[in-house]
Amino acid sequence: MEETTEEKKSLNFIEQIIENDLAEGKNEKRIHTRFPPEPNGYLHIGHAKSIVLNFGLATKYAGKCNLRFDDTNPETEDEEYVNAIRNDVKWLGFQWDAEFNASDYFQKIYDYAVQLIKLDKAFVCELSAEQMREYHGTAVTPGKDSPYKNRSIEENLDLFDRMRKGEFPDGKYLLRAKIDMASPNMHFRDPALYRIRKKHHYRTGDQWNVYPMYDFAHGLSDAIEGITHSICTLEFEVHRPLYEWINNTLQTPTRPQQIEMSRLNLTYTVMSKRKLMQLVNEKHVSGWDDPRMPTVSGLRRRGYTAQAIREFCERVGISKRENLIDVSLLEFSIREDLNKKAPRVMGVLHPLKVVITNYPEGQVEELEAVNNPEDESAGKRMVPFSREIYIEQDDFLEVPAKKWFRLAPGAEVRLRYAYFVTCQEIIKDAAGKIVELRCTYDPASRGGNSPDGRKVKGTIHWVSASEGIGAQVRLYDRLFTHETPDKGEVDFKELINPNSLEVITAIVEPSLKLAQAGVSFQFERMGYFCVDKDSTPTQLVFNRTVTLKDAWAKIAEKI
RNA sequence: AGUCCCAUGGUGUAAUGGUAGCACUGCACAUUUUGGUUGUGUAUGUCUAGGUUCGAGUCCUGGUGGGACUACCA
């Protein structure tokens, strides 16, 4: 810590709290965090931020980080989600020190509830949900005590025991803390601690008829595990006094500190589990792992790397301010990573046939291409060239625009790693659509340079017509047309981008034939693409992860 | 409306009373067999009014703006 030579790196506010605690010798200088998802949905990029923070803090301060499933609500939770969550955390590159479930502590939490009753700090309430609302008061008006608040401790004990045994139907009784119905903090107005719920729990089965509420279970779980810093999002700020009240009143062995930070918001998407669930259930997307989803599994299928997601999470920072992160930062993170790692390859998305009239018919030659200019160790490969090739439709303009240096009538361009070609003739169909180009090539420019020193401004990609292979390519765009689809007055589903997915058939170079699912490539000049799990030995399927930055598109916009 | 939280370029995030910095984005130039990458430059900022201080983005007070809370969800 006393590096005098190194520049002091700035700390986020949570690191500052931790370093202060360490300096004061709090918690025997132990740092123990946890990532506590409820297993009722898939993890999204917002969870990734929390994961990177919690596990990162543990690593940075030589502490520990637990994975804890917050499974106190048997109605919504399921094993399917547990497995997906474990898988996502591991994929992101983290290993938890211990795995727990809130349900591991059901007996302990129950015992704490009994203790609370004995301390005369909790009572069994008989008010209906509707009556509860009435007694609860509002933000401006105080609530009033439940008529059942003064039951004897013995009666409360008996009732709570019978609640547990299943003697009463759901909703009949509720265990509540005795705090203060006039508190300006609504969460202090005799909050619910335990409710009757005769539901099968995916872990504890039918063992329990009562389940603890979040507020009661969370702080106790943290205390039981010896968590020192319990990080959550801003909306739990008003719960903190209750969190502390519970652990202090029950004199738990450790007193974890709850710290709140702002959640991550991303432009052009939604981040709440409820809304993501809706997109899945109503089939607006193909599933939780649809490549348009902001879920960890969706991003992974889209071609995002764990490294890029971690970098992104570091870059967005930690604070208590409401924020809206521009997706371009996410896109920057994946481009940065894939630029270093992804092998280059040529693929034509929207093919236009080109016949090189002075190239010998039937001849095929292999030309050397660099796999990754950013990484010499990636080596080289051979790509076949022949008389008939495909180029990108967008790389030809019959009437060239200003600053256009791709192919045009009479213009000369370089075919990447191949030859200089000059467009001699345009062939159109009856409707006037350009269907083919006739070009001539300069045999002396093999490899892409002319011995006479002649320069061309444009270099375009191509695929040999006879050797190229067809592939399905899924082009993804943002899922919503609005920056903040869930902040406006219209329903967020009305803002779904109807063109968020375009499926095309592209022609790619033959080296891709055996490409494995999950592997990423850069299609030169087009973007990063990864092989989708839907690929079969006879049908390649690619997902476009992200386009390359497109300087020409910007120039074209201005013309 | 009450209580609590927050306020720094277009977007995020630093500066712990002492030169407002970094990243993304935008723009410009250079380099380039990817209009990619890389490099260089540039534009834009402390919500407001007072106060404390030699000195305030930072501390204090008021205002304004935004957010959270009012579930037998988490």
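In what follows, chains carry the letters A, B, and so on, assigned in the order in which the sequence lines appear, proteins first and then strands, with residues in each chain numbered from 1. From a predicted model like this one, the values you see are computed outputs, not experimental measurements.
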* Structure fact -> Residue pairs meeting salt bridge (Lys or Arg N to Asp or Glu O under 4.0 Å), one or both in residues 126-143 of chain A, sequence neighbours left out, come to Glu126(A)-Arg151(A)
* Asked: salt bridge (Lys or Arg N to Asp or Glu O under 4.0 Å): which pairs involve residues 175-189 of chain A, sequence neighbours left out?
  ->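 Qualifying pairs, neighbours excluded: Asp120(A)-Lys178(A).
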* **Listed partners of Cys232(A) passing side chain to side chain contact (heavy atoms under 4.5 Å, CB included), at least two apart** =>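 Cys232(A) satisfies side chain to side chain contact (heavy atoms under 4.5 Å, CB included) with Phe236(A), Gln258(A), Glu260(A) only.
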* Sequence neighbours excluded, which residues qualify as side chain to side chain contact (heavy atoms under 4.5 Å, CB included) partners of Thr267(A)? -> Leu324(A), Asp326(A), Val327(A), Glu483(A)
When all nucleic acid strands are considered with a 4.0 Å heavy-atom cut-off, which category describes [X]: base, sugar-phosphate, or nothing?
{"X": "Arg344(A)", "answer": "base"}
{"X": "Thr267(A)", "answer": "nothing"}
{"X": "Glu524(A)", "answer": "base"}

* **Candidate nucleotides A71(B), G35(B), U25(B), ranked by approach to the side chain of Arg133(A) - the nearest** => A71(B)
* What string of B, S and - do you get for nucleotides 37-45 of chain B, 5' to 3', when a contact is any protein heavy atom under 4.0 Å? -> S--------
* To do: At under 4.0 Å between heavy atoms, which parts of nucleotides 10-15 of chain B does protein reach? Answer with one letter per nucleotide, 5' to 3': B base, S sugar-phosphate only, - none.
  => -SSBSS
* Asked: Is Asp170(A) salt-bridged to Lys198(A), cutoff N-O under 4.0 Å?
  ->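 A salt bridge is absent here (no side-chain N lies under 4.0 Å from a carboxylate O).
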* Near RNA chain B, which residues from residues 187-201 of chain A have a heavy atom under 4.0 Å away? -> His187(A), Ala192(A), Arg195(A), Arg197(A)
* Asked: Does the base of G35(B) carry an N or O that pairs as donor and acceptor with the side chain of Arg525(A) under 3.5 Å?
  ->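 Side chain to base: no pair below 3.5 Å.
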* Asked: Lys455(A) NZ to U32(B) C1': how many Å, rounded?
  -> 11 Å
* Using atom CG of Asp395(A) as one end and atom P of U34(B) as the other, report the distance to the nearest whole Å. => 13 Å
* Asked: Does Arg162(A) make a cation-pi contact with Phe168(A) (under 6.0 Å, within 45 degrees of the axis)?
  ->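 Verdict for Phe168(A): no cation-pi partner in Arg162(A).
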* Phosphate oxygens OP1/OP2 of G26(B): is one of them under 4.0 Å from a side-chain N or O of Lys554(A)? ->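 True: Lys554(A) side-chain N/O within range (under 4.0 Å) of G26(B) OP1/OP2.
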Pairwise [atom1] distance, [M] and [N] [rounded to whole Å]:
{"N": "C59(B)", "M": "G17(B)", "atom1": "C1'", "answer": "8 Å"}
{"N": "A68(B)", "M": "U25(B)", "atom1": "C1'", "answer": "30 Å"}
{"N": "A49(B)", "M": "A1(B)", "atom1": "C1'", "answer": "26 Å"}
{"N": "G67(B)", "M": "C24(B)", "atom1": "C1'", "answer": "25 Å"}

Contacts table for residues 308-315 of chain A: side-chain donor-acceptor under 3.5 angstrom, sequence neighbours left out:
{"unit_1": "Arg310(A)", "atom_1": "NE", "unit_2": "Leu92(A)", "atom_2": "O", "d": "2.7"}
{"unit_1": "Arg310(A)", "atom_1": "NH1", "unit_2": "Gln307(A)", "atom_2": "OE1", "d": "3.3"}
{"unit_1": "Arg315(A)", "atom_1": "NH2", "unit_2": "Glu336(A)", "atom_2": "OE1", "d": "2.8"}

* Asked: So what does the secondary structure string of RNA chain B come out as, 5' to 3', with Watson-Crick or wobble pairs under 3.5 angstrom, [ ] for crossing and | for pairs with another strand?
  -> .((((((..((((....[..)))).(((((.......)))))....(((((..]....))))))))))).....
* Can you see which heavy atom on Ser520(A) is nearest to which on Cys530(A), and at what distance? => OG-CB, 3.5 Å
* Which residue pairs pass the side-chain hydrogen bond (donor to acceptor under 3.5 Å, both in side chains) test with at least one member in residues 546-559 of chain A, sequence neighbours excluded? ->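 The answer is none; no pair qualifies.
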Pull out every protein N or O sitting under 3.5 Å from an N or O of nucleotides 2-4 of chain B, one pair per line with the distance.
{"unit_1": "G2(B)", "atom_1": "N3", "unit_2": "Ala139(A)", "atom_2": "O", "d": "3.4"}

* To do: Go through the structure and list residues passing ring-ring contact (aromatic ring centres under 6.0 Å, His included) with Phe123(A), not counting sequence neighbours.
  => none
